[in-house]
Each structure stands twice: as structure tokens, then as C-alpha cells.
Amino acid sequence: MTQTPRGSAGTERPVRVRFAPSPTGDLHIGGVRTALFTWLFARQHGGAFVLRIEDTDQKRYQEESIASITSALRWMGLDWDEGPDAGGKHGPYFQSQRLPLYQEEARALLHSGHAYECFCQPERLDAVRAQQIASRQPPGYDRHCRTLNDEQRAAKRAEGIVPVIRLKIPLDGVTIVQDELRGPVSYENRLLEDAVLLKSDGFPTYHLAVVIDDHLMEISHITRGDEWLPSAPLHIMLYEAFGWESPLIFHTPVILNQDGRGKLSKRQGAASALAFREQGYLPEALRNYLMLLGWSYDDHQEVFPTVDELLGKFDLWRVNPSPSRFSYDKVLWFNQHYINHIIELDDLTRRCMPWLRRAGLVGDAPEGSAAHAHAREAIALIKDKMKLLGEAPDLTRFFFTDVDEYDAASLIQKNTEPANVVLALQRARDIVSATGVDDEAAIEEQLRALAGELGLKAGQLFMPIRVAVTGRTASPGLFETLRVVGQQRTVERLDAAIARLGQND
RNA sequence: GCCCCCAUCGUCUAGAGGCCAAGGACACCUCCCUUUCAAGGAGGAGAUCAGGGGUUCGAAUCCCCUUGGGGGUACCA
């Protein structure tokens with residue numbers, strides 16, 4: 001009944017959304033997709049996109065992962081209006097810097113009777129759980145401390161035990177979570193656990209922190225992974241206990257491994273955004289693919305190259321709640337498609353340069369330099385074979401340095417005599433020497449004529465030349481290849497091939 | 001075990017009661033183009049809409065059950 005119309009913000013409140021990763025590792029591809037959906041939604045509604053770091057787990061915290069996460073978001077073009085490096089009115093944006101806030105609110109819950117102190121130690125909790133499992137009871141806290149009186153609590157304190165604070169869940173009734181993508185989901189309160197809100201180290205658990213921060217940061221729409229759905233009723237209770245209004249909630253579906261077994265992990269390939277960058281994926285290709293995991297526009301358009309187009313077409317309410325499998329084949333297809341058909345050549349060249357430099361194929365080669373122009377020509381010829389930017393060096397190597405080692409036998413086509421090949425290469429060398437390689441049509445005409453004269457099929461002549469000049473049996477078109485390799489190098493390589501065949505005799 | 005979510009070609013999906021003897025994309029196969037490899041073009045194969053009950057004149061679309069898959073079940077997020 002409070003279902004909001006599609007495509008509209010859905011509340012009178014200004015749109016404010018957040019992405020709230022916890023710094024325990026690299027940004028997972030599932031997180032990237034959630035961030036992408038969230039960011040698009042913010043941009044569509046002129047709202048704020050907030051980045052909040054949920055660093056409340058002292059044990060799993062990894063400092064490096066903050067830089068790694070922000071770097072992955074920037075790479076994907078997802079900029080934030082408030083958060084680390086951006087500031088904002090609702091900071092700090094690191095939960096570890098907001099401890100007093102959580103502690104104060106937890107105390108308020110204690111006073112209002114919505115929460116209680118629990119002195120149970122890990123050993124007891126473990127024992128209780130083991131006991132429950134052994135007797136086939138649902139595991140969960142047995143509410144041992146829920147009924148402690150002042151004296152008993154004082155006694156525990158005197159022992160030096162620092163309590164945690166737990167939420168006092170009603171023993172009966174039902175809590176309904178209004179998920180925007182699934183509709184109402186109901187949970188029986190008696191099956192819910194008296195969850196810990198504040199740990200004994202003074203840090204909040206996720207549940208407490210997320211509710212307080214979303215409220216204080218005036219978040220209007222929550223987007224987060226599916227795995228949070230089971231704890232949503234807890235959050236609803238917290239909103240009620242605090243007397244706050246809950247944002248609209250969207251649980252985005254999990255991304256499963258290619259074989260459908262479990263959540264996407266690096267078992268079957270890359271699972272972190274940065275791993276995709278390292279292989280040479282284009283952020284827009286990855287974005288395009290990720291968009292289509294759980295969302296679709298219609299029955300014929302799948303390629304959405306620009307953010308502008310996505311802003312016009314994406315609809316958060318149209319996200320499909322069912323989990324989907326990650327297909328490495330399809331992301332790779334998108335990447336290849338973007339490289340070959342979407343990205344402009346100059347842009348593509350710019351993006352390939354770091355790879356070529358790292359491989360030692362080009363030096364600085366700033367834009368405008370002859371070396372840069374040469375690289376551009378080379379890339380133009382191989383881009384239809386390039387699926388990943390990381391393949392650029394291997395695909396273009398022969399345009400820059402010497403040819404790879406090759407087997408002299410690959411110079412000899414089926415049904416051709418070595419002596420004829422030597423002769424053919426010598427004649428080809430002479431033609432290249434005399435005519436040069438800049439005029440593709442001219443060189444083609446002469447080489448075809450040569451083939452006719454020697455009684456060879458075109459391929460029988462072209463293949464040895466190709467192998468001699470590139471070191472490979474697969475290459476771009478022969479004449480454009482010669483042109484970009486250049487006259488001098490072509491002649492040298494033909495001579496080298498002739499010499500090798502001579503030695504073999 | 002218990003709770004929750006999900007269910008259309010191998011995969012991602014279109015589909016919001018008649019327009020669907022189910023459309024598109026990836027992957028796969030064939031042919032065309034062709035100096036090789038790609039890219040591209042044209043075709044093909046591939047889903048009794050997980051199964052079973054309902055509701056309805058009519059169901060892939062609504063309801064129930066079963067099955068399957070996934071998620072959760074921490075002083076982790």
C-alpha cells in the first residue's frame with residue numbers, strides 16, 4: 001500500500017542513499033553492482049550518494065582495503081558526495097569514529113527498556129549453542145540475562161565483567177519487513193534472537209550502527225545485498241524502539257558463481273573489482289554487464305555504453321529479486337564488444353598504452369609523438385582480436401620489436417617446396433624494397449601477380465610472408481600489417497627468414 | 001535442524017490473464033565473406049515456462065503444496 005510508483009523517489013524526503021562497505025578485503029563484484037544501482041538511483045533523483053566505512057569489526061579490519069575499495073569505486077566512475085575524502089555535514093563517515101553516538105543510543109535503549117545488559121561469556125554462549133544443536137533445538141541466545149535484576153547486574157560488574165547490550169525482542173507477534181523488491185516479508189518474533197547491539201569492546205554491531213547512521217545521515221532508501229534480509233526485522237524493531245522512520249529498503253539479489261554453487265567467490269575466477277581492472281576490463285564494459293545481472297531494460301537492448309543512457313533507463317524497482325549466476329563468457333564478450341565497437345580508437349589507444357609500456361614495447365610515447373601514433377596504428381589492426389586490454393602487448397609485439405621465435409617449418413605451406421618458398425620470399429623482399437609498404441593496394445597487386453607467376457595460390461605466398469614478418473600464422477590483414485611494420489623491418493625480417501631456410505638445407 | 005528468499009532455453013533475461021504453439025543476448029553448430037586469425041553477415045539447435053493441484057471462458061503470468069537452488073542462523077559484516 002505504501003508501494004512507491006516506479007521511477008519516482010518515493011518519499012517526500014530528499015533522496016539520500018549510501019554505500020557502506022566494511023574494510024575487510026577488496027571490493028567484491030556483488031558490492032560493485034549494489035553500489036552501481038545505488039549510485040544511479042542517487043544521480044537519477046539529484047540525490048546524495050554517501051560512502052560510509054563500516055569498520056566496526058576490529059578483528060577483521062584491514063587498513064589497506066579502504067584505499068582498495070575507494071580506488072575500485074573511482075575506477076568504476078562511482079563518485080560520492082559525502083564520505084572519506086569528500087567530507088559532508090553528516091560525518092564522520094567512519095563508524096569507528098562515531099563510537100560515542102552508538103554508546104549513547106544504546107544507553108537510551110537500556111533506559112527505555114528496549115534493551116538489556118548481558119554478562120554471558122563466550123564459553124557459556126558456546127556451551128548453550130552446542131547443547132541446543134545436540135538436542136536439535138534452534139540455536140540462539142537463551143535470554144539468560146534478560147531477567148537479571150539490579151543486584152545481580154551489580155554483582156556481575158563487581159566481578160569485573162563488562163556486559164554487552166542486547167535488544168529485547170518481543171516474545172510473540174510478527175514483524176513485517178517491507179522490501180521494495182519482494183513486498184512484505186514476515187518474521188515470527190519468537191524465532192528472532194536477542195541480538196547484541198553493543199559489544200563489550202564498546203563497538204556497535206552492524207545492526208545498531210547501520211540503523212543509527214542511516215537515521216542520522218538521513219538516508220531515504222537503503223540498498224544492500226540480499227544476505228541482510230534475515231536481519232532486516234531486527235532493524236525494523238530498532239527503528240520502532242527509537243521512534244524513527246525506516247527508509248525504504250531494497251535487498252539486491254546475490255551473485256552466484258558460474259556453476260550456481262554458492263556466492264561468487266574467486267574459486268572460479270576474479271571476484272573483486274580490482275582483479276577485473278588488472279586483467280584489462282574496461283569499467284564501462286564491466287558496468288554494462290553488471291547492470292544486466294538482475295536488471296533488464298526490455299527484450300532487445302543490452303548495450304548501454306553511457307551513463308546518461310543508463311540514467312534515463314535504469315529503474316531500481318525493476319531489479320529482479322532472484323539470484324543470478326556470474327558468466328565469465330558474457331563479461332568477456334562485453335569487454336571485447338566495447339573494445340572493438342564502442343570505444344573510439346584514440347581512447348582505446350590511450351588505455352592500452354600503460355600495458356604496452358609495462359611490457360617494454362614503447363617508451364614514454366606521449367600523445368602526439370610518432371611512437372604513440374605508431375601504437376595507435378597497431379592497435380587499430382588488432383582490436384578485433386583483443387578481448388582484454390591485458391592482451392594488447394602480445395597482440396602487437398611484432399609491430400614494435402623483433403618477431404617471436406618461430407618454427408622455420410611454419411614458413412613452408414602444405415604442398416609447397418622449400419626452394420620455392422625461398423625464391424618467393426626473395427622476390428617478395430625485392431618488391432617491398434622497390435615499392436615500399438605504404439601503398440597497400442600497390443603492394444597487394446604486385447604480390448598477387450608474383451603468386452600467379454610462381455604458380456602459387458595467394459595463400460601459399462602470403463602465409464610465408466606473414467610468418468616471416470610477424471612470427472605467427474595468425475595476424476591482421478597482410479598488407480596493412482606490412483604497412484604498419486614498415487618497409488625496413490619488413491625487408492629485414494624477410495631476409496632473416498630466407499637465411500633460416502637456407503641454413504636448413 | 002530452524003527461519004527467509006528465489007524458480008522461463010546450458011547461462012543472463014523479455015514476459016505484470018488472452019498479442020506466447022514463449023522474444024532477445026552469451027555460449028554452441030552450419031553457411032557466407034576471406035591471404036591467416038578474428039570481427040562481421042545469414043541461418044540452426046536449444047524452454048511441454050521445475051512438478052502437481054487449484055482459481056478462471058482462458059495461466060509462464062494469481063493461489064496452495066512438493067521439489068530444487070540460494071541466503072541467514074556470531075560480542076562478522
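Each chain gets a letter, A, B and so on, in the order its sequence line appears, and its residues count up from 1.
Taking atom C1' on both nucleotides, B/U61 is separated from B/C20 by 11 Å, rounded to a whole Å. Between B/A22 and B/G41, the distance separating the two P atoms is 25 Å to the nearest Å. Spacing of P atoms, B/A42 relative to B/G51, comes out at 34 Å, to the nearest Å. Spacing between B/A21 and B/G58 at atom C1', rounded to whole Å, works out to 15 Å.
Residues satisfying the side chain to side chain contact (heavy atoms under 4.5 Å, CB included) test with A/L332, not counting sequence neighbours, are A/Y281, A/K387, A/L388. Looking at residues two or more places apart in sequence or on another chain, you find no salt bridge (charged side-chain N to carboxylate O under 4.0 Å, His left out) involving A/R261. Qualifying side chain to side chain contact (heavy atoms under 4.5 Å, CB included) partners for A/T349, counting only residues two or more places apart in sequence or in other chains: A/L345, A/M353, A/H372, A/R376, A/I379.
Donor-acceptor pairing under 3.5 Å, judged by distance alone, is present between the side chain of A/E302 and the base of B/G24.
B/G70 atom P lies 13 Å from atom NZ of A/K263, rounded to whole Å. When rounded to the nearest whole Å, the span between CZ of A/F334 and C1' of B/U13 equals 11 Å. Straight-line distance from the CG atom of A/L290 to the P atom of B/C26: 18 Å, rounded to whole Å.
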Check: Can you give one letter per nucleotide of nucleotides 5-11 of chain B, going 5' to 3': B for a protein heavy atom under 4.0 Å from the base, S for sugar-phosphate only, - for none?
Finding: SSS---S

Item checked: Base versus backbone protein contacts along nucleotides 31-42 of chain B [heavy-atom cut-off under 4.0 Å; B, S, -] -> ----BBBBSS--

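Ring centroid separation for the pair A/F37 and A/W295 does not come in under the 6.0 Å cut-off. Proximity of the aromatic rings of A/F276 and A/F326 is defined here by a centroid distance below 6.0 angstrom, and this criterion is met.
Checked by atom type, the side-chain pair A/Q301/A/E309 shows a donor-acceptor distance below 3.5 Å.
The aromatic rings of A/H337 and A/W333 lie parallel to each other, with less than 30° between the two planes, well short of the 60° mark.
A/P204 comes within 4.0 angstrom of the backbone, heavy atoms only, and of no base. No contact: A/T24 has no heavy atom under 4.0 Å from any strand. Among the protein residues, A/W295 comes within range of no part of the nucleic acid, since none of its heavy atoms lies under 4.0 Å from any strand. Counting any heavy atom pair closer than 4.0 Å across all strands shown, A/G140 reaches no nucleic acid atom. Residue contacts shown for A/C118 are absent, as no nucleic acid heavy atom lies under 4.0 Å away.
Side-chain nitrogen and oxygen atoms of A/K59 include at least one within less than 4.0 Å of the OP1 or OP2 phosphate oxygen of B/C76.
Salt bridge annotation for A/K156-A/E117: absent, with no cationic side-chain nitrogen under 4.0 angstrom from a carboxylate oxygen.
Annotation: salt bridge (charged side-chain N to carboxylate O under 4.0 Å, His left out) contacts involving residues 460-480 of chain A, sequence neighbours excluded, comprise A/D394-A/R472, A/D404-A/R472.
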